[in-house]
Structures are given as structure tokens and as C-alpha cells.
Amino acid sequence: MKSLSYIFLVIGIFFILGFINTFFSKNTVHQIFSFDVNIWVYRIWELIMASVFIMFFFQKREK
């Protein structure tokens, strides 16, 4: 199950890269589950998801 923990890390890194990418795009609105949301709500969503997946990685790694 060690590879499963690395998948959590990779997904977390993708969310971090998506968060960084929002600063370079000109969009002021993004979509989450087909709902239009403000760019700052989308950035907070990206940070929360990244932190959750990275937290799962470190919890799995400790076991």
C-alpha cells in the first residue's frame, strides 16, 4: 500500500500546481462541479484539496 500513499502526494502536487496556475490566468470565474465561482473561492478550494491529499500522504507514510 506504499504506492497508494504516493498517489495522494501526486494528487496534492497537482492541486498545488493548479493553484499556482490560477495566478497566471486572466479568468475571474472558474467552475467547480459546473457552478461558476469567484476566482478566490476556487483558489481556496484548490488549497484545501491540496492540503487534504498531502495530509493523507503523511498519515499513510507514518504507518
Side-chain angles (χ1 to χ4, degrees):
M1 285 300 180
K2 200 141 181 98
S3 64
L4 181 63
S5 65
Y6 287 112
I7 291 173
F8 287 136
L9 180 64
V10 168
I11 293 171
I13 290 172
F14 279 135
F15 274 110
I16 290 173
L17 291 175
F19 171 75
I20 293 170
N21 189 35
T22 61
F23 288 104
F24 297 108
S25 66
K26 301 291 183 197
N27 298 344
T28 59
V29 176
H30 268 273
Q31 288 189 342
I32 299 177
F33 302 119
S34 72
F35 294 106
D36 289 336
V37 294
N38 187 342
I39 189 68
W40 286 103
V41 173
Y42 183 75
R43 287 175 182 161
I44 291 171
W45 164 259
E46 292 271 336
L47 280 179
I48 289 172
M49 293 304 293
S51 60
V52 165
F53 279 107
I54 291 173
M55 182 182 65
F56 283 158
F57 166 74
F58 284 114
Q59 285 179 352
K60 294 283 187 183
R61 198 176 105 186
E62 289 176 356
K63 292 182 180 180

Exercise for review: Look at the side-chain heavy atoms of Ile, Leu, Val, Met, Phe, Trp and Tyr, link any pair under 4.5 Å apart, and say whether Phe33 and Val29 land in one connected group.
Suggested key: no
Exercise for review: Supply the atom-to-atom distance Trp45 CH2 to Tyr42 OH, rounded to the nearest 0.5 angstrom.
Suggested key: 9.5 Å
Check your understanding: Does NZ or CZ of Arg61 fall inside the cone over Phe8's six-membered ring, less than 6.0 Å from its centre and within 45° of the axis?
Key -> no
Exercise for review: Using a cut-off of 6.0 Å, state whether more than 12 heavy atoms not belonging to Phe35 lie near its atom CZ.
Suggested key: no
Review point. What's the spacing between Asn21 CG and Glu46 CD if we round to 0.5 Å?
Key: 9.0 Å
Practice item. Grab the two heavy atoms, one from Gly12 and one from Ala50, that are nearest each other, plus how far apart they are. Key: O-CB, 3.7 Å
Review point. Taking only residues two or more places apart in sequence, or in another chain, which ones meet Asn27 in a side-chain hydrogen bond (donor to acceptor under 3.5 Å, both in side chains)?
Key: none
Exercise for review: Looking only at non-hydrogen atoms, find the nearest pair between His30 and Ile39 and report the distance.
Suggested key: CD2-CD1, 3.1 Å
Review point. Atom CZ of Phe14 and atom CG of Leu9: how far apart are they, to the nearest 0.5 Å?
Key: 10.5 Å
Practice item. Please say whether more than 12 non-hydrogen atoms of neighbouring residues, nucleotides or ligands are located less than 6.0 Å from CZ in Phe19. Key: yes
Exercise for review: Enter the distance from Met55:CE to Phe53:CZ here, rounded to the nearest 0.5 Å.
Suggested key: 10.5 Å
Revision key, fill the gap. CD1 (Ile16) and CG (Leu47) are apart, to the nearest 0.5 Å, by 8.0 Å
Point to revise | For Ser51, side-chain hydrogen bond (donor to acceptor under 3.5 Å, both in side chains) partners two or more places apart | key: none
